[in-house]
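The next block holds one structure in the form of structure tokens; read it before the comments.
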Amino acid sequence: AVVAMMSKRTTHPVKTFTIGFEGQPDFNELVYARTISKQFGTDHYEKIVQPQDLIRLIDNIADIFDDPIGDATAIPIYFISQLAREQGTIVVLSGDGSDELFAGYNSWKKYNQLYPAYNLYKRLPGFIKRTMTLFGGEDESPRADMLHRAAANQEFFWGGAKAFKESYKRKLLNPEWINHLGEINSYSVIEKLDRRFDQYKEKHPYLNHLDRMCYLGFRQQIPTRYLHRMDKLGMANSIEIRSPFLDYEFINLALSIPPEWKIRNNTPKYILKKSLEGILDHDTLYRKKMGFCVPLKEWAGTLMSEYVESHLTEFTQQHNYFNRKELSQHLSQINTGKSDLSNDLWTIYFLMAWFKKWM
């Protein structure tokens, strides 16, 4: 959409940039980028990232950030920013913001479906809700979240406020550090925003749960995660990254659109896609969504695991945050391939590497 709009407003070809990963078709969108480039006549550039490129960056990733970020999407953003700068571009446009403003994430569809049940469930007596959590399990599903959060009198949707479930953090963190934290948990990150939305809803009772989700995405996920990482990674390559979807007038328009036009017929970003049907072809608009991901486990799982393992004793002695025994067991679980915990591994690795560099 951004490329289509840019191409209408310039007299010379728009430059477009994309990256792929060698031998990793599940992580590549090269063919789709080429289709758009051909359709709009762009000056198109590609970079194929090799395993050694990824490993070299991971070894030095903490140098870029003056605070840690538990988001592996930082890796492909770095490479695509590097590609743009190599071609002499100093300002680029991205599509950040559209998913939050128009409910574009696949996981949001499940929350949207479960919210009516959650609103009924949270009215049950406390002892019934607490009993029901015993059947909710510790999985990462929205259904389990519904049971646990209603029992704790917390809002259902947290957006990007958590990396680990609270129950797992209680195991992974040192008991002394947990006592020091007191009542602070991941929900604390968004609690004030939830209360502010409730104030809006008192004045505008027509607002519903999907409005809440879009508001939370706009106020929490975009500034603290997406714009944060974009700024750091762009500046690391001496470019600026700007987001047309986050123009303030466009935000006001997007937040005013009724939620039934954002997810309709089980289609995320429905109204945005409909508005582009005369500009982009059907296959482009309605193909399955892909995240901007990286083959982290395939290329760097061993490197990160060995780093955490070799620095574990030193780190837990210097910084009283982790329960060394539990963290060691977590690593064993990753190394034996019992579950895909590569994002957990990235979060722990980045934190330890960042502490070693800056603390």
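This is a predicted model, so every value here is computed, not measured. These numbers come from the heavy atoms of this one structure, side chains and all, not from hydrogens, waters or symmetry mates.
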- Which other residues belong to the hydrophobic cluster containing I48, where Ile, Leu, Val, Met, Phe, Trp and Tyr are joined when side-chain heavy atoms lie under 4.5 Å apart, directly or via other members?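 Answer for I48: L30.
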- Query: Under a single-linkage rule joining Ile, Leu, Val, Met, Phe, Trp and Tyr whose side-chain heavy atoms are separated by less than 4.5 Å, which residues share a cluster with V91?
  - Reply: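 For the cluster that includes V91, the remaining residues are I90.
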[X] vs [Y] side-chain heavy atoms within contact, under 4.5 Å:
X: I36; Y: H44; answer: no
X: E100; Y: Y105; answer: yes
X: I75; Y: I58; answer: yes
X: E298; Y: F27; answer: yes

- Query: Relative to F157, does R212 satisfy both conditions: NZ or CZ under 6.0 angstrom from the six-membered ring centre, and within 45 degrees of the ring's axis?
  - Reply: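 Because its charged atom misses either the 6.0 Å distance or the 45° angle limit, R212 does not stack over F157.
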- Query: Between OG of S81 and CD1 of I241, what distance do you get to the nearest 0.5 Å?
  - Reply: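 These two atoms lie 4.0 Å from each other.
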- How long is the gap from CD on E191 to CG on N185, to the nearest 0.5 Å?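 Those atoms lie 7.5 Å apart.
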Please verify the inter-ring angle class for [X] with [Y]; under 30° counts as parallel, over 60° as perpendicular, anything in between as tilted.
X: W177; Y: H180; result: parallel
X: F355; Y: F315; result: perpendicular
X: Y349; Y: Y307; result: perpendicular

- Item | Identified salt bridge (charged side-chain N to carboxylate O under 4.0 Å, His left out) partner of K232 from the options D66, D63, D71 |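 Exactly one candidate clears the test, D66.
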- Kindly check if the number of other-residue, nucleotide or ligand heavy atoms within 6.0 Å of CZ (R287) is above 12?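 Result for CZ/R287: enclosed.
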Any side-chain donor-acceptor pair under 3.5 Å between [X] and [Y]?
X: Y215; Y: Q220; answer: no
X: Y118; Y: E155; answer: no
X: T267; Y: N265; answer: no

- Does V2 belong to the same Ile/Leu/Val/Met/Phe/Trp/Tyr cluster as Y286, with side-chain heavy atoms less than 4.5 Å apart forming each link?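 Yes, V2 and Y286 fall within the same hydrophobic cluster.
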- Query: Between D59 (side chain) and R56 (backbone), is there a donor-acceptor pair under 3.5 Å?
  - Reply: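 Judged by distance alone, no pair lies under 3.5 Å.
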- Take T284 and Y32, measure what side chain to side chain contact (heavy atoms under 4.5 Å, CB included) needs, and give me the verdict at the end. CA-CA 8 Å; T284 296; Y32 305 112; over 6 Å; no
- Task: Test ring-ring contact (aromatic ring centres under 6.0 Å, His included) on F245 and F102 and set out the steps.
- Result: CA-CA 10 Å; F245 281 108; F102 291 94; 7.1 Å; no
